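Below: the structure, in C-alpha cells.
Note that the structure is a prediction, hence the values are computed from the model and not measured.
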Amino acid sequence: MLGFLQRPVVVTADINLNVVALTAVGLLSRLWQLSYPRAVVFDEVYYGQYISFYMKRIFFLDGSGPPFGHMLLALGGYLGGFDGNFLWNRIGAEYSTNVPVWSLRLLPALAGALSVPMAYQIMWELGFSHCAAVGAALLILIENSLITQSRLMLLESVLIFFNLLAVLSYLKFSNSQKHRPFSPSWWFWLMLTGVACSCAVGTKYVGVFTYLLVLGVAAAHAWHLIGDQTLSNVHVLCHLLARAVALLVIPVLVYLLFFYVHLLLLCRSGPHDQIMSSAFQASLEGGLARITQGQPLEVAYGSQVTLKNVFGQPVPCWLHSHQSTYPMIYENGRGSSHQQQVTCYPFKDVNNWWIVKDPGRHQLVVNNPPRPVRHGDIVQLVHGMTTRLLNTHDVAAPLSPHSQEVSCYIDYNVSMPAQNLWRLDIVNRESDTDVWKTILSEVRFVHVNTSAILKLSGAPLPDWGFRQLEVVGEKLSRGYHGSTVWNVEEHRYGRSQEQKERELELRSPAQMDASRNLSFMARFSELQWRMLTVRSDDSEHKYSSTPLDWVTLDTSIAYWLHPRTSAQIHLLGNIVIWASASLATLVYALLFVWYLLRRRRRVCDLPEDCWLRWALAGALCAGGWAVNYVPFFLMEKTLFLYHYLPALAFQILLLPVVLEHVSGRLCSPLMSTSF
C-alpha cells in the first residue's frame with residue numbers, strides 16, 4: 001500500500017515540439033510591439049466605446065452581435081486597469097496615458113496566435129500527415145490579413161479561434177468515439193464542442209454558421225451510429241442523449257450565461273435606453289428609474305399617465321397632442337375634420353400627459369381609495385394640457401387614408417358628434433379581470449363606435465404637424481403588432497380638479513418610492529429581440545466591398561495613417577495564399593464530384609477509410625468556407641473585407657489537404673508509370 005514511498009514517482013509526457021514551436025512563433029508574430037500604433041485604428045473606435053461602457057457599467061445596445069466578444073475585450077481593459085475615460089470619437093486619435101493599449105489588444109492577439117497550433121491539430125486529427133499539418137499551421141501563421149486583424153482590438157480573430165476550437169473539439173471527440181466512448185476525455189471534448197460553438201455565436205452572430213456545420217456533421221455521424229448493429233438500443237439512446245445535451249442544451253445555457261453576466265454588469269442607465277421598453281429602462285439605475293421610482297402601480301380613474309408605444313419604430317415615442325389642428329385641406333386635395341392634432345412625439349414633453357377618465361363622471365382626480373381600471377373597461381383619455389378628449393371617427397387619416405384620423409375633439413357645432421369612448425384591452429393579461437399596471441401592462445385602445453385600434457403608423461407628418469409621427473385608428477386589425485400596443489411609462493394620481501392647478505401638477509415630478517424589477521428571461525428576451533431588429537447603418541463606405549471582391553482580393557481597407565510620418569496599416573491578404581486556397585477549393589469540388597460519380601458506378605478509387613477522411617475534411621474545410629462565405633450574398637448590410645476572414649481560415653486548411661491528396665494519390669501513380 002505504501003509502495004509509492006519505496007520507489008520514485010515518474011511522470012512521462014509526450015510533447016510535440018512542432019506544436020510548441022508553432023505556438024511560440026504564433027505568439028511572437030501577434031504580440032511583438034502590440035501597443036503600436038498607440039492610436040485608434042479603424043473599428044477600435046467602435047468597440048472602444050462599448051469597453052468604456054463596461055468599465056462604467058452603463059447599459060448599451062449593439063445590434064452587430066451578442067455580448068460575449070465585447071466582454072472579452074472589456075476583460076482586457078479590466079486587467080489593464082482601464083477606467084473607461086477616453087473619448088472614442090475619431091479614428092487615428094492618440095490614446096491617452098490611462099488607456100492600456102497592450103491589454104486591450106491582448107485577447108484578440110492571443111486568439112490569433114493560438115489559431116496557429118490549432119490548425120496543426122485539426123489536420124492531425126483528420127488523419128493527414130505531419131507535413132500537411134505543419135503546412136496548414138504555417139499558412140495561418142504567415143497570412144498577413146490574419147496577422148493584421150489579430151493585432152488590433154477587433155473580434156474576427158476571436159471568432160476564428162472559437163470556430164477552429166469547435167471543429168478541433170468535435171474531431172477529438174469523434175476519434176475518442178472509436179476507441180473509448182463515454183470516457184472522461186470523450187465527455188470533455190464533446191462538452192467543449194458545445195461550449196466552443198456557443199462562444200462562436202456569442203462573439204458574432206455569423207458564428208452560427210460554423211455551429212450549424214458542426215451540428216450537420218454530428219447529425220450525419222449520429223445517423224450512422226443508429227445503423228450500427230453492434231450497439232444495443234440503450235447504448236444508441238445514450239449516445240443520442242449525450243450529443244443532444246452537449247450540442248443543443250449546453251450551447252443554449254452558455255449563451256444565456258453571456259447575457260446574464262452582460263446584464264449583471266450593465267446596471268446603469270445609458271444613452272441607448274430609449275429603444276428599450278419602459279419596464280426595461282425602469283430596471284436600470286438612474287434615467288427612467290429615477291423618474292418612475294415610486295409611481296403608483298395600478299392605473300385608476302383620474303390617473304395622469306404618459307403612453308409610450310411599445311413598437312418603438314422608427315423611434316421610441318409617446319402619445320402626444322397640442323393646440324394645433326389638422327389643416328382643412330391637405331396638399332392632395334382631401335379634407336380633414338380640422339380637429340386638434342394627435343401625434344407620437346419622440347421626446348419627453350408636458351403635452352405627452354393624459355388623464356384616464358370615467359365616462360360616467362366629470363371629475364379628473366383619483367378617488368380615495370383609488371378605483372383601478374381593469375381589462376375591458378370603457379375609458380376616456382383627456383389631454384392634460386388642453387382638456388380635450390381623444391377621439392376618432394370615419395375621416396381618413398392625413399397620410400394613411402385607409403385608416404381613421406385620430407384627434408382631440410373640438411366641438412365646432414356641426415354634425416360631427418364626439419366619439420371618444422375607448423375599451424381597454426390588456427394584451428399581456430393573465431386573466432380577464434387584470435388591473436391596468438404602470439410599465440408592466442401592454443395595452444391596446446379599441447374604439448367603441450368603430451372598433452378601430454389606436455395605432456402608430458410611423459409616418460412623419462409634414463411641417464404643419466411639426467414632423468411628428470402619425471397616429472391613426474386602424475380599422476382592420478391584423479392581430480397583435482407592437483405599433484398598436486402602448487404602456488404607461490410615467491404615472492401619478494391626479495389631485496387637482498382645477499385646470500391651472502392640474503397644469504402645475506403635470507409639470508412637477510412624482511415623488512414616491514417603489515421599484516419595478518423584470519426577471520432575467522424577460523430582460524434577455526427583450527434585449528435579444530432589440531439586437532436582432534435594431535436598424536444598423538447601411539450607408540455606403542469608401543472601403544466597403546462585395547463578396548465577389550473578397551475571393552479575387554480586389555479590395556483592401558486602409559486601417560490607419562500616421563499623421564506625420566505617413567506610416568500606414570492596410571488590411572490586405574496574401575495574394576499567393578488566397579489564390580492557391582481558391583484553386584484548392586475548386587480542385588476539391590471537382591475531385592469530390594468525380595469520385596462520387598465513380599462510386600455510384602461501383603468504382604472505388606479510394607479505400608473506404610481514405611474516402612471517409614477525404615469526405616470529412618471536405619465537409620469541415622470546404623463546408624466551413626462555404627457556410628461562412630455564401631450567406632453574405634444574401635445580407636443587406638455594409639460589408640468589408642474582414643467579413644471574409646473566418647471563411648478564409650477554413651479555406652486555408654483545405655489547401656494542404658488537396659496538395660497531399662494530389663501528390664500522394666494522383667501524382668505518385670503517374671510517376672511510377674513513367675518509370
Exercise for the section: With the side chain counted from C-beta on, respond yes when Asn163 and Phe650 share a heavy-atom pair under 4.5 Å apart, and no when they do not. Expected result: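 Answer yes - side chains close enough.
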Which residues satisfy the side chain to side chain contact (heavy atoms under 4.5 Å, CB included) test with [X], sequence neighbours excluded?
X      : answer
Pro184 : none
Ile250 : Met191, Val195, Val245, Val254
Trp124 : Tyr120, His130

Under 6.0 Å between ring centres: does that hold for [X] and [Y]?
X      : Y      : result
Phe128 : Trp614 : no
Tyr50  : Tyr46  : yes
His262 : Phe68  : no
His661 : Tyr588 : no

Do any N or O atoms from the side chain of [X] and from the backbone of [Y] form a donor-acceptor pair under 3.5 angstrom?
X      : Y      : value
Asn18  : Val134 : no
Thr565 : His562 : no
Ser183 : Trp186 : yes
Thr203 : Val158 : no
Trp88  : Val45  : no
Ser198 : Gly194 : no

Practice task
For Gln651 and Trp578, run side chain to side chain donor-acceptor pair (under 3.5 Å): C-alpha distance rounded to whole Å, both residues' side-chain angles, the deciding distance at 0.1 Å, then the answer.
Solution key: CA-CA 9 Å; Gln651 195 178 39; Trp578 288 50; over 6 Å; no
Exercise for the section: Using the salt bridge (Lys or Arg N to Asp or Glu O under 4.0 Å) rule, take Glu608 and Arg599 through it: C-alpha gap first, then chi angles, then the decisive distance, then the call. Expected result: CA-CA 11 Å; Glu608 190 63 23; Arg599 290 176 70 85; 2.9 Å; yes
Side chains of [Y] and [X]: any donor to acceptor distance under 3.5 Å?
X      : Y      : value
Ser52  : Asn85  : no
Glu44  : Tyr559 : no
Trp550 : Thr555 : no

Practice task
For Tyr629, enumerate each residue passing the ring-ring contact (aromatic ring centres under 6.0 Å, His included) test, keeping only those at least two apart in sequence or located in another chain.
Solution key: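 If we apply the ring-ring contact (aromatic ring centres under 6.0 Å, His included) test to Tyr629, skipping adjacent residues, the hits are Trp625, Phe633, Tyr644.
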Practice task
Output the distance between atom OG1 (Thr193) and atom OH (Tyr211), rounded to the nearest 0.5 Å.
Solution key: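 With rounding to 0.5 Å, OG1 (Thr193) is 11.0 Å from OH (Tyr211).
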Sequence neighbours left out, cut at 3.5 Å: what donor-acceptor pairs do the side chains of residues 70-79 make with other protein atoms?
{"from": "His70", "atom 1": "ND1", "to": "Pro66", "atom 2": "O", "distance (Å)": "3.3"}
{"from": "His70", "atom 1": "NE2", "to": "Asp62", "atom 2": "OD2", "distance (Å)": "2.7"}

Practice task
Name the orientation class of the two ring planes belonging to Phe53 and Phe60 (parallel below 30°, tilted from 30 to 60°, perpendicular beyond 60°).
Solution key: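 Phe53 and Phe60: parallel rings.
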Distance-only criterion, 3.5 Å: show the donor-acceptor pairs between side-chain atoms of residues 212-224 and protein atoms not counting sequence neighbours.
{"from": "His221", "atom 1": "ND1", "to": "Tyr170", "atom 2": "OH", "distance (Å)": "2.7"}

Exercise for the section: Could you please spell out the steps behind the ring pair (Phe, Tyr, Trp, His ring centres under 6.0 Å) verdict for Phe86 and Tyr95? Expected result: CA-CA 8 Å; Phe86 182 76; Tyr95 284 122; 5.4 Å; yes
